[in-house]
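Keep in mind that the numbers below use all heavy atoms, side chains included, and drop hydrogens, waters and symmetry copies.
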Amino acid sequence: MLKPDWLRVKAPQRQRIGEVADLLQDLRLNTVCQEASCPNIGECFAGGTATFLIMGPGCTRACPYCDIDFDRSVRELDPSEPERLGEAVARLGLSHVVITSVNRDDLADGGASQFVACIAQVRARSPLTTIELLIPDFCGNWDALATVMAAAPQVLNHNIETVPRLYKKARPQGIYERSLELLQRVRQGWPRTYSKSGLMVGLGESDAEVLEVMADLRRHAVDIVTIGQYLSPGPKHLPVDRFVTPEQFQAFRAMGEQELGFLQVVSSPLTRSSYHAGEVQRLMREHPR
C-alpha cells in the first residue's frame, strides 16, 4: 500500500543528527527513535532530543507491529546505564526527557528499579529537567508500579496501543483492561502526576472503535492522549490496513479535547507517543497540580 502525500517526512539535518547519534554511541545508549524506526527521528535528533530506551535493546515480547528485537533470554541489568543516561541528558541540555524501556518480563519487578535509578541520575545532574516515563504494564505487578511512582515522575505514560478487538492480533501478551487499570491507579494513587496514553490507527480498527478507546481512557482519568498512523516496519510485521486522513486525525483531537475533556490530544499521521513531548511543560503551567 503506497503512502499518501501527507506522510512524507522532510529531509533531516544530517549534521545535528550526527551529533546526537555520536553522543548516544559514545555513552552506549539506545533510543526508541532508532530501535523502533520512528519516522520523526530526523526532526527530533535535529532538535537535540531523543527518547531513551533502557534495559534493551531486546524485548521479551514479540508484538507483530513493533520493530524492536525479540529476546526472551534472562539478562542482568547494566548498573552503569542510569549514570550514562544522566550524563546524556546533561550534555544535551534537555529541559524535558522521555525515558522508556523494552518489556523485561524476565525481571521480578519488570525493571522498575532501573527506571528509579535513571530518574535519580537525571535529577542529580539536571535538577530542572522534567521527566516523563513511558512504562510497560509490569504484568500487573502493582508493587513495581508503586516503586516507579514513588520516584515522582512528572508524566507517566503507558500506551494502550490499539482497540480491544485487535489485541489478540497486535498485542497478544497485553491485556486491555490491565492497561486501563494501570492508568487509573496512577491518577488515583499519585494525583499530581500527569497521566498519558497513546494508540495507533491503521491496524484494522474503525473510527468508532478509536472513539470508544478514547472514552475508556478518559473514564480512567487519563490526561493526555496521542494518536498516530501505524506504519509497518517491514514484510514480517502487520500490514497497514488503511491510511487515516489528516482531517480524521483532527476530528479525533476535537472530540477528545472538546467533548471528552482531555487536557491535550496530539493527533496527526506522524504523531508518536513521545512526539513533541516537551509541550507538556505548557500544560503543567496552565493546569498546575
Side-chain angles (χ1 to χ4, degrees), residues 1-4 7 32 35-40 51 53 56-73 100-106 110 134-141 157-184 196-220 222 225-245 248-249 251-252 255-256 265-275:
M1 187 180 295
L2 294 177
K3 291 182 184 178
L7 282 169
V32 73
E35 299 298 329
S37 304
C38 179
N40 302 314
T51 297
L53 181 71
C59 181
T60 54
R61 301 188 190 180
C63 299
Y65 63 81
C66 184
D67 203 26
I68 293 177
D69 291 337
F70 175 54
D71 186 351
R72 292 189 64 183
S73 65
T100 188
S101 78
V102 294
N103 282 279
R104 288 298 305 270
D105 297 336
D106 58 307
L134 172 54
I135 63 170
D137 61 20
F138 296 133
C139 295
N141 181 341
N157 188 355
H158 173 68
N159 284 337
I160 204 77
E161 302 293 10
T162 188
V163 304
R165 179 176 58 83
L166 297 178
Y167 257 55
K168 185 175 181 180
K169 179 175 80 169
R171 200 181 180 204
Q173 292 165 284
I175 300 173
Y176 183 75
E177 293 77 12
R178 183 168 68 192
S179 287
L180 288 175
E181 181 178 355
L182 183 154
L183 291 161
Q184 187 168 49
K196 180 176 176 180
S197 190
L199 67 155
M200 305 168 286
V201 292
L203 283 166
E205 74 296 320
S206 68
D207 292 342
E209 286 178 307
V210 173
L211 293 174
E212 288 173 6
V213 170
M214 293 173 67
D216 281 345
L217 291 172
R218 193 69 197 107
R219 278 193 292 269
H220 287 74
V222 172
V225 171
T226 59
I227 307 172
Q229 173 69 51
Y230 169 66
L231 298 174
S232 180
K236 295 182 179 179
H237 299 80
L238 292 176
V240 174
D241 177 77
R242 62 168 176 155
F243 289 112
V244 176
T245 66
Q248 184 57 52
F249 278 107
F252 290 146
M255 175 62 73
V265 177
V266 184
S267 178
S268 74
L270 289 175
T271 290
R272 296 297 180 267
S273 59
S274 302
Y275 189 46

Completion exercise
Ser232 and His237 have their tightest heavy-atom pair at OG-CB, 3.8 Å
Exercise for the section: For Arg165, enumerate each residue passing the salt bridge (charged side-chain N to carboxylate O under 4.0 Å, His left out) test, keeping only those at least two apart in sequence or located in another chain. Expected result: Glu209
Handout entry: Atom pair CD (Gln229) and OG1 (Thr245), whose distance is rounded to the nearest 0.5 Å
Key = 10.0 Å
Practice task
Mind checking the CD-CD spacing from Glu177 to Gln184? Nearest 0.5 Å is all I need.
Solution key: 12.5 Å
Handout entry: Sidechain-backbone polar pair: Thr100 side chain, Leu53 backbone, donor-acceptor under 3.5 Å
Key = no
Exercise for the section: Determine, step by step, whether Arg242 and Glu205 satisfy the side-chain contact (heavy atoms from CB on, under 4.5 Å) criterion, reporting the C-alpha distance in whole Å, the side-chain angles of both residues, the deciding distance to 0.1 Å, and the verdict. Expected result: CA-CA 9 Å; Arg242 62 168 176 155; Glu205 74 296 320; 2.8 Å; yes
Handout entry: Pairwise distance NE2(His220) to CG(Leu182) - rounded to 0.5 angstrom
Key = 11.0 Å
Exercise for the section: Working to the nearest 0.5 Å, report the span between CG of Asp207 and CZ of Phe252. Expected result: 4.0 Å
Practice task
Output the distance between atom CG (Leu217) and atom OG (Ser197), rounded to the nearest 0.5 Å.
Solution key: 5.0 Å
Exercise for the section: Report yes if some heavy atom in the side chain of Thr51 is under 4.5 Å from a heavy atom in the side chain of Leu134; otherwise report no. Expected result: no
Practice task
Output yes when a side-chain donor or acceptor of Ser267 lies under 3.5 Å from a complementary backbone atom of Phe249, and no otherwise.
Solution key: yes
Problem - Polar side-chain atom of Arg218 near backbone of Val222 as donor-acceptor pair, under 3.5 Å - result: yes
Exercise for the section: Using a cut-off of 6.0 Å, state whether more than 12 heavy atoms not belonging to Arg178 lie near its atom CZ. Expected result: yes
Exercise for the section: Compare all side-chain heavy atoms of Tyr176 with those of Leu166 and state whether any distance is below 4.5 angstrom. Expected result: no
Practice task
For residues Ile175 and Asp137, determine if any side-chain heavy atom of one lies less than 4.5 Å from a side-chain heavy atom of the other.
Solution key: no
Exercise for the section: Can you see which heavy atom on Ile227 is nearest to which on Thr271, and at what distance? Expected result: O-CB, 3.3 Å
Practice task
Search all heavy atoms of Ser179 against all heavy atoms of His158 and return the closest pair with its distance.
Solution key: OG-NE2, 2.7 Å
Completion exercise
Nearest heavy-atom approach of Val102 to Gly58 is CG2-O, 3.2 Å
Problem - Test item: Thr60 side-chain N/O and Asp106 main-chain N/O as donor-acceptor pair under 3.5 Å - result: no
Practice task
Look only at the side chain of Asn103 and the backbone of Asp105, and say whether a donor-acceptor pair between them is shorter than 3.5 Å.
Solution key: no
Completion exercise
Looking only at heavy atoms, the pair that brings Pro269 and Leu7 closest together is CB-CD2, 3.5 Å
Completion exercise
Output for pair (Leu183 CG, Ile135 CD1), nearest 0.5 Å, gives 8.0 Å
Problem - Nearest non-hydrogen partners of Leu238 and Tyr230, listed with the distance - result: O-OH, 2.5 Å
Practice task
Would you check if the side chain of Gln173 reaches a backbone N or O of Cys63 as a donor-acceptor pair within less than 3.5 Å?
Solution key: no
Practice task
Return yes if some donor-acceptor pair links the side-chain N/O of Lys169 with the main-chain N/O of Leu203 below 3.5 Å, else return no.
Solution key: yes
Exercise for the section: Give the intermediate values and the outcome of side-chain contact (heavy atoms from CB on, under 4.5 Å) for residues Phe243 and Leu231. Expected result: CA-CA 9 Å; Phe243 289 112; Leu231 298 174; 3.9 Å; yes
